[in-house]
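These notes are about the structure you will find just below.
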Amino acid sequence: MSLRAWFEQNRERRYIMFGGKGGLGKTTFSAATAYWLARQGHKVLVFSVDPQASLSDIFQRDIFGKGPVEVLDNLWAQEIDADSNIKAYQQEVRQKILDMYGFDQIPEEIEHYIQAASAEPAMEESAIFDAVVDIVVKGDYDYYIYDLVPLGHALYYLSMAKVYDEWINRITELREQMREHEEMVARIKRQKVTEEDQILHELQYIKGRINQSSRILTDKERTAFFFVLVPEQMIILDTEKAAQLFARFDVPIAGYIVNRILPAELAGQHLPPYLQNRLQVQDRYLDEIKKTFGSRLVGSVPELERDVTGLPMIEKLAAIMYGDGGR
Ligand SMILES: Nc1ncnc2c1ncn2[C@@H]1O[C@H](COP(=O)(O)OP(=O)(O)O)[C@@H](O)[C@H]1O
Ligand SMILES: [Mg+2]
């Protein structure tokens, strides 16, 4: 099946992800797919949670941390800035503390805690995750294209349960610590601790949001995950291993796309031995890929004459992947 046929036959699948090792073409395919879908008249958001995201490079626009930016008609791109999300979150916590207790300044001890909590890696994960939840729950777009981080992270990201467990723990901890402060402050100010547990209430709200988005992310009917690979031994092995792991996490794998295939027209020409050899090796790996992934192979993309940046190259790639040039 071709990629185009896949999209035409799976119209209810609106959450599209490209996964694979770093540098194989996830961001490139995300952008080309988003471009093609937008051209088909759908309102599309392509977004990245990768701190080394390159949507800015590919669209040649600085979109980092700027929220969704319309790069073309119907096509929106967004790069999530986890750091500024963490800062915004810190500020929110500070404001809540100020409001709740009528302080005019955050006590040093509490400020220290806020800083320490923000340095935790789990905090970055949750800031990213929170941003993703926001985007997905709002439901402003017809299609969501997730430009995923490399495999290991993607797996972590997709095995949501683990991420939000950690996140909820983090918040519960914060809640408990705040509760202690609340009691301390109440003693000093000779007030009663407020009955209503605002933080717990917030926690429940967040949990609801997470459930909603995790349902979407692992939804067998609405989500599709594509693996990107290249015809190389190590990559084939890694992809097989990752696919097994993903299957265990119930990730709906929709297909495999091979990238950077040396063009077939080279074969009939007089080539230096180096290139001849590369072509032979490539043929062997392409056979292996066909044997391994069979009918789940939904696309083959040639090595282009240059890297894919700027709209003309995105358009060219989209034509190869989804137009007549695609196989
Ligand atoms: N088929 C291709 N032909 C030429 N260059 C490609 C092709 N696919 C990807 N690239 C280039 O390879 C680099 C890595 O691709 P990218 O999509 O950023 O990988 P990932 O997101 O998986 O890390 C980019 O410079 C991109 O332009
Ligand atoms: Mg990338």
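Every number for a ligand or one of its atoms is a count from 1 in the order of the listing.
Checking Thr27 against the Mg ion (ligand 2), an N/O/S atom falls under the 2.8 Å cut-off.
In terms of the salt bridge (charged side-chain N to carboxylate O under 4.0 Å, His left out) criterion, Arg278 has no residue partners (sequence neighbours excluded). Residues satisfying the side chain to side chain contact (heavy atoms under 4.5 Å, CB included) criterion with Ala224, sequence neighbours excluded, are Trp6, Arg13, Ile16, Phe226, Ala254.
Within a 6.0 Å sphere centred on CG of Asp73, heavy atoms belonging to other residues, nucleotides or ligands number 12 at most.
Counted by atom type alone, Ser2 and Tyr322 present zero donor-acceptor pairs between their side chains at under 3.5 Å.
Pocket lining of ligand 1, defined as residues with a non-hydrogen atom under 4.0 Å away: Lys21, Gly22, Gly23, Leu24, Gly25, Lys26, Thr27, Thr28, Ser54, Asn259, Arg260, Val301, Pro302, Glu303, Leu304, Arg306, Asp307, Val308.
Applying the under-4.5 Å side-chain rule to Ile, Leu, Val, Met, Phe, Trp and Tyr, the cluster around Leu275 extends to Leu262, Leu266, Leu271, Tyr274, Leu279.
Under a 4.0 Å N-O distance rule, the pair Lys316/Glu305 qualifies as a salt bridge.
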